Amino acid sequence: MAPHEFWQELHPPGSFPADGDFTSFYVAELQDRRQLRLPIRVLADSEHALASLIVNQASFAVLDALAGQLAATIKHFDIDIVAGLPTLGLTFAAAVAQKLGHARYVPLGTSRKFWYRDDLSVALSSITTPQQQRRLYIDPRMLPLLQGRRVALIDDVISSGSSIVAGLQLMTACDIEPVVIAAAMLQSERWKEKIAAEGAQWPDRTVGVFATPILERTAEGRWSAPTA
């Protein structure tokens, strides 16, 4: 596949082998068993890799399907309002909020407006921008939309857990406890320990449309999910 062709098409169930060894792409299965091909990103040690998803580069059809499936997954939480994490999580959170029938959502941000409050901000980093030390803010004017409401905290991908932990810490600073954490993709399980440090309840309150493992290089140079 050409690099720009990823994330553009969902394939019927069984179109590609979903287990075994992979070469240029990983096959993820959605909840309805349709398949999405994801590019494989090799990590620094050259022996491990991750499947990648960038939702703001996905086709509208793929974004719509992912948002619809996540909305269906979290609907039973009776969500009043969605809060979205920057940057890529904003695109996805807005789409999920629409699927839930909401008129709006609350975008968190990294750009400090002059009326923002420092006490309503936390440090933020992510696996895709590890060298950037930023802060995560909430517009104080948005607080009435969240306080006393059933909040879903949404990102596009949960990987190392750093971004979602920052979101939880910001919610805590606002005296808000989300009823669910959600994402399109749960990338490996590294995030579980980090969010559990914020509260033992969080791993069980975290859901995604699909999950992907850390891949290991095989002797043949392919990529395989580790066996249990």
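These figures come from a predicted structure and were not determined experimentally.
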TODO: Is it possible for you to say whether Tyr26 and Met1 belong to one hydrophobic cluster, with membership spreading through side-chain heavy-atom contacts below 4.5 Å?
DONE: yes
Open item on the list: Measuring from atom CG of Asp19 to atom CD of Glu29, what distance do you get when rounded to the nearest 0.5 angstrom?
Closed with: 8.5 Å
Open item on the list: So does Gln57 get a backbone contact from the side chain of His4, meaning a donor-acceptor N/O pair under 3.5 Å?
Closed with: no
TODO: Check for a donor-acceptor pair, side chain of Gln35 on one end and backbone N or O of Phe16 on the other, with a separation under 3.5 Å.
DONE: yes
Open item on the list: With no hydrogens and no angle check, just 3.5 Å: does a side-chain donor-acceptor pair link Lys194 and Ser162?
Closed with: yes
TODO: Mark yes when over 12 heavy atoms from residues, nucleotides or ligands other than Glu47 sit less than 6.0 Å from its CD; otherwise mark no.
DONE: yes
- [ ] Measure from the side-chain N and O atoms of Arg150 to the backbone N and O of Phe77, and report whether any donor-acceptor pair falls under 3.5 Å.
- [x] yes
- [ ] Could you walk me through whether Leu50 and Thr212 pass the side-chain contact (heavy atoms from CB on, under 4.5 Å) test, one step at a time?
- [x] CA-CA 8 Å; Leu50 294 171; Thr212 59; over 6 Å; no
- [ ] Would you name the heavy atoms of Phe6 and Gln8 that are closest together and state the gap between them?
- [x] O-NE2, 2.9 Å
Task: Exercise: identify the closest heavy-atom pair between Gly84 and Leu90 - done: O-CD2, 3.3 Å
TODO: Examine the side chains of Gln69 and Asp32 and answer whether a donor and an acceptor come within less than 3.5 Å of each other.
DONE: yes
Task: Minimal non-hydrogen separation, Ile154 against Val82, with atom names - done: CD1-CG1, 3.7 Å
- [ ] Side-chain contact test, heavy atoms from C-beta onward, threshold under 4.5 Å: evaluate it for Trp7 versus Ser52 and give yes or no.
- [x] yes
Task: Leu66 side chain reached by Phe210 side chain, heavy atoms, under 4.5 Å - done: yes
- [ ] Would you give the length of the straight line joining atom CE of Met185 to atom CG of Leu30, rounded to the nearest 0.5 angstrom?
- [x] 11.5 Å
Task: Side-chain donor or acceptor of Glu5 paired with backbone N/O of Pro3 under 3.5 Å - done: no
Open item on the list: With heavy-atom distances below 4.5 Å as the criterion, would you say the side chains of Leu153 and Leu108 are in contact?
Closed with: yes
- [ ] Would you name the heavy atoms of Ala28 and Leu38 that are closest together and state the gap between them?
- [x] CB-CD1, 3.8 Å
Task: Closest contact, heavy atoms only, Lys99 versus Ala71 - done: CB-CB, 3.5 Å
Task: Whether Tyr116 and Tyr137 hold their rings parallel, tilted or perpendicular, with breakpoints at 30° and 60° - done: tilted
Open item on the list: Quick check against the 3.5 Å criterion: does Trp202 have a side-chain atom that pairs as donor or acceptor with the backbone of Ile181?
Closed with: no
Task: Euclidean distance, Ile195 CD1 relative to Gln201 CD, rounded to 0.5 Å - done: 9.0 Å
TODO: Taking the side chain as every heavy atom from C-beta outward, state whether Asp139 and Lys113 have any atom pair closer than 4.5 Å.
DONE: no
Task: Residues Glu216 and Arg222 bridged, charged N to O under 4.0 Å - done: no
Open item on the list: Does any part of the side chain of Val42, heavy atoms only, come nearer than 4.5 Å to the side chain of Trp223, both counted from C-beta?
Closed with: yes
Task: 4.5 Å side-chain heavy-atom contact, Gln31 and Thr73 - done: yes
Open item on the list: Keeping Glu198 on the side-chain end and Ala166 on the backbone end, is there a donor-acceptor pair under 3.5 Å?
Closed with: no
- [ ] Measure from the side-chain N and O atoms of Thr172 to the backbone N and O of Leu168, and report whether any donor-acceptor pair falls under 3.5 Å.
- [x] yes
TODO: Dump the intermediate steps for side-chain contact (heavy atoms from CB on, under 4.5 Å) on Arg104 and Met142, then the final yes or no.
DONE: CA-CA 11 Å; Arg104 66 187 300 178; Met142 297 295 102; 3.7 Å; yes
TODO: Check whether any side-chain N or O of His48 sits under 3.5 Å from a backbone N or O of Asp45 as a donor-acceptor pair, and report yes or no.
DONE: no
- [ ] Please check if atom CG in Asp119 has more than 12 non-hydrogen atoms from other residues, nucleotides or ligands closer than 6.0 Å.
- [x] yes
TODO: Write down the atom of Asp156, the atom of Phe92, and the distance for their closest heavy-atom approach.
DONE: CA-CD2, 4.2 Å
- [ ] Output the distance between atom CG (Leu136) and atom OG (Ser121), rounded to the nearest 0.5 Å.
- [x] 8.0 Å
- [ ] Without swapping roles, check the side chain of Arg205 against the backbone of Pro178 for a donor-acceptor pair under 3.5 Å.
- [x] yes
TODO: Would you please test Cys174 and Leu146 for side-chain contact (heavy atoms from CB on, under 4.5 Å) and show each step?
DONE: CA-CA 9 Å; Cys174 299; Leu146 299 172; 5.8 Å; no
TODO: Answer yes or no: does atom CD of Glu189 have more than 12 heavy-atom neighbours from other residues, nucleotides or ligands under 6.0 Å?
DONE: no
- [ ] Start with the C-alpha distance between Asp64 and Val62, add both sets of side-chain angles, then the distance that settles side-chain contact (heavy atoms from CB on, under 4.5 Å), and finish with yes or no.
- [x] CA-CA 5 Å; Asp64 185 75; Val62 168; over 6 Å; no
Open item on the list: Would you say that Arg190 contacts Ser159 through its side chain, given a criterion of any heavy-atom pair below 4.5 Å between the two side chains?
Closed with: yes
- [ ] Find the distance between CD1 (Ile138) and CD1 (Ile176) and round it off to the nearest 0.5 Å.
- [x] 5.5 Å
- [ ] For the residue pair Leu124 and Leu85, establish whether any side-chain heavy-atom pair is separated by less than 4.5 Å.
- [x] no
TODO: Would you please test Arg34 and Glu9 for salt bridge (charged side-chain N to carboxylate O under 4.0 Å, His left out) and show each step?
DONE: CA-CA 10 Å; Arg34 282 185 293 173; Glu9 184 179 3; over 6 Å; no
Open item on the list: I need the Leu53 CG to Leu88 CG distance, nearest 0.5 Å.
Closed with: 8.5 Å
